[in-house]
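Everything on this sheet refers to the single structure shown next.
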Amino acid sequence: MNETPHRYTAALADRIENAWQDRWEEEGTFHAPNPAGSLADPDKVATFGGHLLVLDMFPYPSGAGLHIGHPLGYIATDVVARYNRMLGKNVLHCLGYDAFGLPAEQYAVQTGQHPRKTTEDNIAIMKRQLRRLGLGHDDRRAIETIDPDYYRWTQWIFLQIFNAWYDPDAVRPDGGRGRARPIADLIAGLESGERPTPDGQPWADLDEVERAAIIDGHRLAYTHEAPVNWAPGLGTVVSNEEVTNEGLTERGNFPVFRKNLRQWMMRITAYADRLADDLDRVDWPEKVKLMQRNWIGRSQGARVSFPVVGMDATIDVFTTRPDTLFGATFMVLAPEHPLVPALTAPAWPEGTKAAWTAGQESPEGAVAAYRLAASRKSEVERQRETKDKTGVFTGGYAVNPTTGAPIPVFIADYVLMGYGTGAIMAVPGQDQRDWDFAEEFDLPIIRTVEPTPDHDPGLAFVGDGPAINSANDELSLNGLTIAPAKERMIAWLQEKGFGEGTINYKLRDWLFSRQRYWGEPFPVVFDEHGIVHALPESMLPVELPDVPDYSPKTFDPQDNSSSPEAPLSRVPEWVEVELDLGDGRGRRRFRRDTNTMPNWAGSCWYYLRYLDPSNAASFLDPANEAYWIGPRDTPVIAGTADPGGVDLYIGGVEHAVLHLLYARFWHKVLHDLGHLTSDEPFRRYFSQGYIQAPAYTDSRGQYVEAKEVVQTADAAGEPVFTYRGAVVNREFGKIGKSLKNMVSPDEMYAAYGADTLRLYEMGMGPLEHSKPWETKAVVGSLRFLQRLWRIVIDEDTGAVRVADVSPDDATLRVLHRSIAAVREDYATLGFNTAIARLTELNNALTKLEVVPRSVAEQLVLMVAPLAPHIAEELWNRLGHPESLAYAAFPLPDERYLVEETVTCVIQIRGKVRDRVEVPAGIAEDALRDLVMARPKVLDAVGGGVRTVIVRAPKLVNVVPL
RNA sequence: GCGCGAGUGGCGGAAUUGGCAGACGCGCCAGACUUAGGAUCUGGUGCCUUCGGGUGUGCGGGUUCGAGUCCCGCCUCGCGCACCA
């Protein structure tokens with residue numbers, strides 16, 4: 001230790017890193033000036049050559065602190081940010097905290113403290129851990145969603161949405177149709193009679209409650225009584241997006257039941273088309289675009305009405321295959337379908353088959369039993385019992401409009417109430433599910449598409465082919481393939497009034513209220529008629545009151561008879577208020593809403609507040625919006641209109657259909673209402689991989705503490721892992737408490753320093769890949785920094801050891817090739833290859849007796865985005881008192897990028913057999929002559945030459961006869 | 001089942017338009033320094049080999065002077081969706 005007192009060690013790194021972090025903070029090194037508002041510095045803005053907004057996903061401060069997987073994306077954005085500052089751009093990079101929500105509340109309940117206390121404690125821990133990483137954040141913009149100055153604007157945005165409706169006919173600036181408009185426009189239209197009321201009654205004749213119902217039926221945020229996802233074990237309802245495909249809550253894995261409750265909804269379905277279409281205008285991973293498209297689930301088809309026999313009613317279905325309507329031999333309704341009771345016949349009609357009755361005396365008994373059984377099943381059970389078709393006959397019949405034939409109507413749980421109309425026309429010939437049901441219940445099967453000759457006669461035919469058995473007196477589809485047959489059928493349905501072409505979506509409206517304490521209160525009140533009133537802006541924020549007990553009322557997770565109880569309902573003095581809403585009606589008594597917003601609310605717009613964090617007059621100054629995220633002249637996707645938005649958003653793929661969809665929706669509403677020039681929030685999104693760490697299971701399959709596992713090798717040299725003497729099994733998985741494989745960044749800071757950790761995480765492999773963490777490999781990154789240090793600093797004396805000499809030609813070539821490659825790699829997020837190139841240069845300089853100052857300085861500048869502290873320190877010791885944060889990134893000199901001579905590879909029959917140094921500009925003929933005279937070539941072509949391929953100057957391939 | 005992505009040394013991973021496979025790092029081997037080394041430094045390291053060479057990018061075919069890269073057919077793994085009408 002003593003012999004090299006100035007070696008770069010973890011201890012030295014610790015001193016250097018802390019010192020630079022202090023200096024950056026004192027000098028406000030990473031403060032990005034705004035064009036307008038409280039952070040404005042227009043003169044400084046003008047000094048930059050362009051601007052860049054890089055964004056990390058909004059972190060949630062967990063109680064456990066960070067693990068080494070968390071910083072991966074933060075380091076990557078920091079490298080991009082630092083690199084772009086060195087290119088002369090005004091770079092905005094900051095980080096705030098998403099602090100409302102379930103986990104904080106659960107942690108608070110567990111520890112018996114107020115969620116504000118635990119949340120703030122957790123933020124403090126996370127801030128310390130992240131500061132130690134040396135991220136170049138503008139700390140003036142570190143917002144927190146729980147801050148009333150922030151959620152005041154979350155509530156304000158909610159009111160914007162509440163006070164808006166979607167006008168599908170309004171023309172947008174981009175020429176498309178459909179946009180949000182102020183609700184006042186709708187009311188004015190209703191008042192003037194320009195817009196009729198739904199049932200045609202004059203507006204003036206309606207009472208207050210009736211009017212409110214009509215208006216609320218159009219609002220983009222509305223309360224609605226409908227089946228929602230109720231999780232008794234969590235004590236709250238959750239959105240569709242928060243239910244896993246196993247029918248469990250994303251948080252906590254609690255069973256979810258459908259329950260009719262009045263809840264806040266967001267009319268995201270109004271934006272379904274734009275949310276799907278505009279994916280074409282953003283630069284996102286195809287995989288994530290696909291996930292959103294699947295979630296929106298747009299499908300083209302037709303709505304068809306089937307008259308019910310003996311009733312003045314129709315069963316409406318949605319189908320993507322109207323061309324197969326002639327083959328519809330029965331219908332199936334979801335058990336919950338509202339028409340079921342009316343359809344159910346008093347007695348089994350003539351022709352009822354035994355299999356249709358489930359052994360019951362009457363249709364009523366059969367239907368009731370089946371509906372009861374279906375209602376008792378949780379989502380999990382319904383998902384699990386796939387394939388086996390069950391159902392019962394209602395005793396009712398509907399008429400196939402093409403044939404006039406009565407067809408039986410069944411209920412079955414393979415038809416879901418939540419999709420389409422909750423009813424289907426069953427076409428067993430062309431749909432395997434219907435085929436299975438038809439076989440099970442002995443129903444007729446009519447093929448209406450000619451199957452291919454090799455098609456299994458025991459299966460439905462879903463492929464394309466000519467229509468058969470598809471004609472009546474007015475219409476014949478026979479011979480047509482699917483696409484024209486659909487067209488013809490839709491035209492006929494429309495003409496006859498039986499249906500029309502339509503588009504169906506899987507996307508449902510967004511359930512927006514939660515029965516929890518730790519969230520934003522709704523900025524609304526209800527009057528004595530139950531009518532919702534928005535609070536005037538002057539009453540914002542509606543602060544979250546203290547409650548005697550903030551823990552949610554939870555129930556047995558399986559108890560679907562329970563109902564949610566919001567903690568805010570425990571403070572009647574807060575709930576019951578007397579207010580003057582400024583509507584000219586004076587002080588009146590109201591009830592506040594005891595629900596709170598989901599934590600998606602705060603994270604739906606945080607990136608907007610980053611742009612103008614302390615604006616008290618507005619959520620965001622338009623000048624700041626236009627500057628940072630306004631649409632660009634050069635579109636991010638060629639051939640489309642640039643949507644504007646964040647330049648680079650890096651984060652995990654887990655929010656592909658949650659946060660990323662919700663944020664796009666809010667952004668579009670705010671755009672429609674004229675608050676934003678951009679119409680997408682994130683013009684470029686990059687999905688990072690995960691860091692996985694080894695986890696170990698013992699003989700019982702239990703996870704054991706990974707830190708205590710010892711690795712040895714058996715006789716064959718294969719690794720063996722033992723825990724307290726017992727052999728354990730290694731696997732790789734997500735880092736965390738559950739797998740007992742936590743690795744904290746604090747451990748890495750202590751053992752190696754932050755720069756080493758940064759370098760290691762960026763060097764592991766492509767950012768988008770998931771890759772295994774290996775603590776023992778981190779030393780490679782430390783060695784890199786030690787060599788870098790040694791290039792500049794004498795390890796014995798601590799003196800700067802570079803010399804003011806001119807670099808030799810070979811060194812200049814390595815240097816400039818590195819500069820060109822590293823620039824390219826930084827621009828494309830290829831950090832692992834950038835590090836490889838820097839390592840090569842570093843190793844080349846290590847071998848020099850005398851290191852030229854100019855080369856060392858350029859290396860230091862190039863390393864700076866990755867390992868900023870050591871770079872700043874070396875830059876400083878090299879005699880530059882200013883921070884290198886805004887120093888110009890090295891430029892490659894073209895002269896050193898072209899080689900004078902290159903190694904030409906000589907292949908014989910495609911195999912490398914010889915090499916020769918040739919001038920880079922050698923002519924093809926000269927090279928051929930030179931190569932053909934080589935002894936190895938002469939040996940090989942004794943029998944004559946078939947052909948010679950010359951790719952001057954790098955390759956010649958000689959093919960002998 | 002449908003869709004998407006990926007398979008390269010012991011490991012993580014590199015390879016413009018098809019043109020020297022394995023950059024860079026870990027590990028491993030040898031050496032230096034050292035009382036010591038799980039520090040640091042230097043060199044080596046795909047596999048096989050009779051040391052000439054042979055062989056090699058999941059498997060099988062194809063195109064080409066030449067294929068990790070392009071085409072066809074499989075296999076395996078990962079992710080997403082899934083009774084979506």
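A, B, ... follow the sequence lines: proteins, then strands. Residue 1 opens every chain. All values below come from the heavy atoms of this structure, side chains included, with hydrogens, waters and symmetry mates left out.
Using a 4.0 Å heavy-atom cutoff across all strands shown, A:K847 reaches sugar-phosphate atoms only and no base atom. Here A:T421 lies out of heavy-atom contact (under 4.0 Å) with every strand. Note on A:V779: only backbone sugar-phosphate atoms sit closer than 4.0 angstrom, heavy atoms only; bases stay farther off.
A close approach under 4.0 Å does not occur between any side-chain nitrogen or oxygen of A:R293 and OP1 or OP2 of B:G3. Dashed line: the shortest gap from a side-chain N or O of A:K506 to OP1 or OP2 of B:A82 is under 4.0 Å. Contact between the side-chain N/O atoms of A:R433 and the OP1/OP2 oxygens of B:A85 is not found at any separation under 4.0 Å. Between A:N843 and B:G25 there is a side-chain N or O to OP1 or OP2 distance below 4.0 Å. When the side-chain nitrogen and oxygen atoms of A:R790 are compared with OP1 and OP2 of B:C41, one or more of them lie within a distance under 4.0 Å.
Contacts with RNA chain B (heavy atom under 4.0 Å) in residues 826-839 of chain A: A:N832, A:T833, A:A836, A:T839, listed by number.
Ring planes of A:Y419 and A:F318: perpendicular class, angle over 60° (limits at 30 and 60°). Ring geometry for A:F461 versus A:H455: interplanar angle over 60°, hence perpendicular rather than tilted (30 to 60°). Between A:F831 and A:Y826, the ring planes are tilted. Angles from 30° to 60° get that label.
With hydrogens and angles disregarded, no donor-acceptor distance shorter than 3.5 Å links the side chain of A:Y690 to the backbone of A:I735. Looking only at distances, no side-chain donor or acceptor of A:K771 sits under 3.5 Å from a matching main-chain atom of A:I691. Distance alone, capped at 3.5 Å, is enough to place a donor-acceptor pair between the A:T421 side chain and the A:D316 backbone. With A:N741 contributing its side chain and A:A693 its backbone, the two residues share a donor-acceptor pair below 3.5 Å.
For A:K954 against B:C20, no side-chain N or O and base N or O form a donor-acceptor pair under 3.5 Å. Checked by distance alone, A:E286 brings no side-chain donor or acceptor within 3.5 Å of a matching partner on the base of B:G5. Donor-acceptor pairing under 3.5 Å, judged by distance alone, is absent between the side chain of A:N294 and the base of B:C81.
Look at CD1 on A:I503: it is 14 Å from P on B:A85, rounded to the nearest Å.
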Intermediate values then yes/no, side-chain contact (heavy atoms from CB on, under 4.5 Å), A:V956 and A:R928: CA-CA 7 Å; A:V956 177; A:R928 179 183 293 111; 5.9 Å; no
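The separation of B:C71 from B:G19, taken at their P atoms, amounts to 15 Å, rounded to a whole angstrom. Annotation: B:C77 and B:A32 have their P atoms spaced 49 Å apart (nearest Å). Comparing B:U16 with B:C28, their P atoms sit 31 Å apart, to the nearest whole Å. One C1' atom belongs to B:U63, the other to B:G12, and the distance between them is 34 Å to the nearest Å.
The side chain of A:Y419 approaches B:A85 more closely than any other nucleotide in the set B:G3, B:A14, B:A85. Set against B:G27, B:A85, B:C4, the side chain of A:R783 has B:G27 as its closest nucleotide. Considering only the side chain of A:E840, B:C24 comes nearest among B:G19, B:C83, B:C24. The nucleotide whose nearest atom lies closest to any side-chain atom of A:A777 is, among B:C26, B:C83, B:C65, B:C26. If you check B:C20, B:G25, B:C26 against the side chain of A:R787, the one that comes closest is B:G25.
Within the structure, salt bridge (Lys or Arg N to Asp or Glu O under 4.0 Å) pairs that include any residue of residues 940-961 of chain A do not occur (at least two apart or interchain). Here salt bridge (Lys or Arg N to Asp or Glu O under 4.0 Å) pairs that include residues 322-333 of chain A, with residues two or more places apart or in two chains, are A:R321-A:D323.
When base pairs are accepted only as Watson-Crick or G-U wobble with both N-N or N-O distances under 3.5 Å, RNA chain B takes part in stems of 3 or more pairs at B:1-7 with B:75-81, B:10-12 with B:24-26, B:27-32 with B:40-45, B:46-48 with B:53-55, B:58-62 with B:70-74.
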In B/S/- notation (B base, S sugar-phosphate only, - none; protein heavy atoms under 4.0 Å), nucleotides 45-56 of chain B written 5' to 3' is ---------S--
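The ring of A:F410 has its center closer than 6.0 angstrom to the ring center of A:F437.
For the side-chain hydrogen bond (donor to acceptor under 3.5 Å, both in side chains) test with A:D914, the passing option among A:R934, A:K936, A:Q907 is A:R934; the others fail.
Judged by closest nucleotide on RNA chain B, A:S770 is the one of A:S770 and A:M425 placed further toward the 5' end. Mapping A:K776 and A:L782 onto RNA chain B via the closest heavy atom, the residue that lands nearer the 5' end is A:K776.
Among residues two or more places apart in sequence or in another chain, the salt bridge (charged side-chain N to carboxylate O under 4.0 Å, His left out) test is passed with A:R790 by A:E795.
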